[in-house]
Amino acid sequence: MKYHQINSALFVKNRRKFTAEMKPNSVAVFNSNDIYPISADSTLPFAQHRDIFYLSGVDQEESVLLLFPDAPYENQREILFLRETNDHIAVWEGEKLTKERAFQVSGIRTVYWLQDFHKVLNEMMTYADTMYINTNEHYRASVETETREARFVKWWKERYPAHNVAKSNPILQRIRSVKESEEIDLIQHACDITEKGFRRLLSFVKPNVTEYEIEAELAHEFIRNRSKGFAYTPIIASGNNANVLHYIENNQQCKAGDLILLDVAAEYANYSSDMTRTIPVSGKFSDRQKAVYKAVLNVKNEATKMLTPGTLWKQYHIEVGKIMTSELLGLGLLDKADVQNENPEWPAYKKYFMHGTSHHMGLDTHDYGLLHEPMKPNMVFTVEPGIYIPGEKFGIRLEDNIVVQEKGEPFNLMRNIPVEVDEIETLMNE
């Protein structure tokens, strides 16, 4: 891995939080992701399943974590199963985790090779009453491919039909949404790498540069700072492309006088950052662009103040909508009749700001978190309002990553990334 090793104490804490919520006499199993084939002998780059990483720090394929806090013997309470490494694998694929190295990474002392998994699991099931299976219940999930985790669940249900079944996901949704200080440091590091990439762009962008050249500059800066690259597919949308919310073609020329909406960010150690900035191709905003930009910035700043303990996500979005409505009235994009006659299910402001303002973030860009429960300290949210005006051929979105604090103002992990109009224009024209 490119990143520096994470102290195993983080993963020890994470496992304690999970096992504290398990039912008596129960087992939980977590699988690595598959390596997905493309065609012939080609594969996609491996990306670890965030749950097994969160609980163990293990970042390689064909790994399994078993947790059994009530096991009769201490060495059965946390077990890692790894693909057995050898000299041949080391030559062809590179070094894999040894048992000793796995302990250093995870803090788990009992490590078996993967071929022993079914034998050991069978013994554990003779002691246990309940199995926690790991299903993907994220509110944005849309899974069409059968995952390694899903294959295991199917096999386990056929093999052990007499056991009770419980779900690990509700526990993970709660504990993963509240970050440990080490996790916030890792997200901050990802944000710092993102800052370096953005500052690099401010001196690079000029009329006639292409969106893909901007993407290349960012990739270079991210990887040279120990990131694997982008935390998600980058959006580099110049001109009217910004009005396509998930524009990812990144193949157009950036023209003088246009704006570029950049929804781009680095990952670090599997933790995401998530930034959006909008900059002028020519290094200076027009008066109209500046007015819309400042409206979006004001909504972002006011929304950020609301990210406090006890806030309900649904009510928060209602309040942000009121602020956005005021800004759109001031810009002349809405009039009072639009607001008076609006459909409560789709308020008038949604014509120009049709997506949500905030989502949980962390190991996943759209991270785990139960949206019906109040916000808690050390949750991390994006704040990303936007105004999209196809008729004027530009859209503006601004996005920061915010930590909910127990007391005081929410903490902005992107506080050092330029966002004010004057600062952006100055840096672009130096």
Side-chain angles (χ1 to χ4, degrees), residues 5-33 48-86 89 96-135 148-176 180 182:
Q5 182 177 325
I6 302 168
N7 191 313
S8 63
L10 171 62
F11 308 114
V12 172
K13 283 191 286 188
N14 291 345
R15 290 195 297 277
R16 285 175 182 163
K17 287 188 291 186
F18 184 88
T19 55
E21 299 297 322
M22 292 174 68
K23 296 177 181 181
N25 214 34
S26 59
V27 171
V29 171
F30 302 90
N31 286 273
S32 289
N33 276 334
Q48 182 58 296
H49 195 300
R50 299 307 192 240
D51 292 336
I52 191 172
F53 183 82
Y54 175 80
L55 294 166
S56 72
V58 170
D59 202 356
Q60 84 180 28
E61 71 283 1
E62 296 185 70
S63 304
V64 182
L65 170 65
L66 186 151
L67 300 176
F68 188 5
D70 295 331
Y73 303 105
E74 186 174 354
N75 68 345
Q76 297 173 328
R77 292 170 191 171
E78 298 182 334
I79 306 174
L80 267 179
F81 299 86
L82 304 173
R83 177 186 179 191
E84 184 173 4
T85 190
N86 55 44
I89 290 171
K96 303 293 181 181
L97 289 173
T98 63
K99 293 182 178 182
E100 178 57 33
R101 183 83 179 106
F103 166 66
Q104 293 170 6
V105 167
S106 67
I108 296 172
R109 293 189 176 278
T110 305
V111 182
Y112 290 101
W113 298 130
L114 191 59
Q115 58 259 34
D116 294 322
F117 173 67
H118 288 155
K119 179 181 69 176
V120 174
L121 178 66
N122 190 61
E123 181 182 355
M124 298 302 103
M125 297 313 296
T126 63
Y127 303 138
D129 299 319
T130 301
M131 165 65 89
Y132 278 84
I133 60 174
N134 194 26
T135 52
R148 188 181 185 90
E149 200 81 88
R151 293 198 304 276
F152 168 75
V153 169
K154 184 188 295 184
W155 172 85
W156 178 84
K157 284 182 174 180
E158 291 177 355
R159 180 70 177 79
Y160 299 100
H163 285 73
N164 299 318
V165 179
K167 299 189 299 182
S168 62
N169 190 263
I171 300 175
L172 289 165
Q173 290 268 16
R174 286 193 172 89
I175 65 175
R176 273 185 52 180
E180 295 290 337
E182 298 97 322

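All residue numbers refer to positions in the sequence shown, counting from 1.
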- Item | CA sep, side-chain torsions, deciding dist, call: Phe68, Asn25, side chain to side chain contact (heavy atoms under 4.5 Å, CB included) | CA-CA 7 Å; Phe68 188 5; Asn25 214 34; 3.9 Å; yes
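- Considering only residues two or more places apart in sequence or on other chains, Arg101 meets the side chain to side chain donor-acceptor pair (under 3.5 Å) condition with Gln5, Gln104.
- Salt-bridge check for Asp129 with Lys23: failed, with every basic side-chain N at 4.0 Å or more from each acidic carboxylate O.
- Note on residues 109-124: pairs passing side-chain hydrogen bond (donor to acceptor under 3.5 Å, both in side chains), not counting sequence neighbours, are Gln76-Glu123, Glu84-Gln115, Asn122-Arg159, Asn122-Tyr160, Glu123-Tyr127.
- Taken from OG1 in Thr126 to CG in Leu121, the straight-line distance is 10.0 Å, to the nearest 0.5 Å.
- Taking the side chain as every heavy atom from C-beta outward, Ser168 and Asp51 never approach each other to under 4.5 Å.
- Taking all atoms of both residues into account, the shortest heavy-atom contact from Leu65 to Ser56 is CD2-CB, 4.4 Å.
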- Message: Working note: Ser32 + Gln48, criterion side chain to side chain donor-acceptor pair (under 3.5 Å); need CA distance, chi angles, decisive distance, verdict.
- Response: CA-CA 6 Å; Ser32 289; Gln48 182 58 296; 3.1 Å; yes
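- Here Tyr132 pairs with nothing under the ring pair (Phe, Tyr, Trp, His ring centres under 6.0 Å) rule; sequence neighbours left out.
- Gly107 and Ser8 get closest at one heavy-atom pair: N-CB, 3.8 Å.
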- Message: For Lys96 and Leu82: C-alpha separation, side-chain torsions, deciding distance, then whether side chain to side chain contact (heavy atoms under 4.5 Å, CB included) applies.
- Response: CA-CA 9 Å; Lys96 303 293 181 181; Leu82 304 173; over 6 Å; no
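- Listed by chain and number, the residues in a ring pair (Phe, Tyr, Trp, His ring centres under 6.0 Å) with Phe53 are Phe11 (sequence neighbours excluded).
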- Task: Check the pair Trp156, Val27 against side chain to side chain contact (heavy atoms under 4.5 Å, CB included), reporting the backbone distance first and the verdict last.
- Result: CA-CA 12 Å; Trp156 178 84; Val27 171; over 6 Å; no
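- Listed by chain and number, the residues in a side chain to side chain donor-acceptor pair (under 3.5 Å) with Ser106 amount to none (sequence neighbours excluded).
- Applying the ring pair (Phe, Tyr, Trp, His ring centres under 6.0 Å) rule to Tyr54 yields no partners; only residues at least two apart in sequence or on another chain are considered.
- Within the structure, the salt bridge (charged side-chain N to carboxylate O under 4.0 Å, His left out) test picks out the following pairs touching residues 8-17 (sequence neighbours left out): Lys13-Glu180, Lys13-Glu182, Arg15-Glu78, Lys17-Glu180.
- Annotation: side chain of Met22 is not in contact with side chain of Thr130 (no heavy-atom distance under 4.5 Å).
- In this structure Lys167 satisfies the side chain to side chain donor-acceptor pair (under 3.5 Å) test together with Glu137, sequence neighbours excluded.
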Name every donor-acceptor pair, under 3.5 Å, that has one atom in a side chain of residues 148-155 and the other anywhere in the protein, sequence neighbours excluded.
residue	atom	partner	partner atom	Å
Glu149	OE1	Asn31	N	3.3
Glu149	OE1	Asn134	ND2	3.2
Glu149	OE2	Asn31	N	3.2
Glu149	OE2	Asn31	ND2	2.6
Arg151	NH1	Asp34	OD2	2.9
Arg151	NH2	Asp34	OD1	2.9
Arg151	NH2	Asp34	OD2	3.4
Lys154	NZ	Glu146	OE2	2.7

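- Residue Leu10 holds its CG atom at 10.0 Å from CG of Leu55, rounded to the nearest 0.5 Å.
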- Task: Verify side chain to side chain contact (heavy atoms under 4.5 Å, CB included) between Leu97 and Val105, making sure each step is shown before the conclusion.
- Result: CA-CA 9 Å; Leu97 289 173; Val105 167; 4.2 Å; yes
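- Pairing each heavy atom of Ser63 with each of Ile52, the nearest pair is O-CD1, 3.7 Å.
- Arg174 is linked by a side chain to side chain donor-acceptor pair (under 3.5 Å) to Glu373, counting only residues two or more places apart in sequence or in another chain.
- When side chains are defined from C-beta on, Asn14 does not count as touching Ile175, because their heavy atoms never get closer than 4.5 Å.
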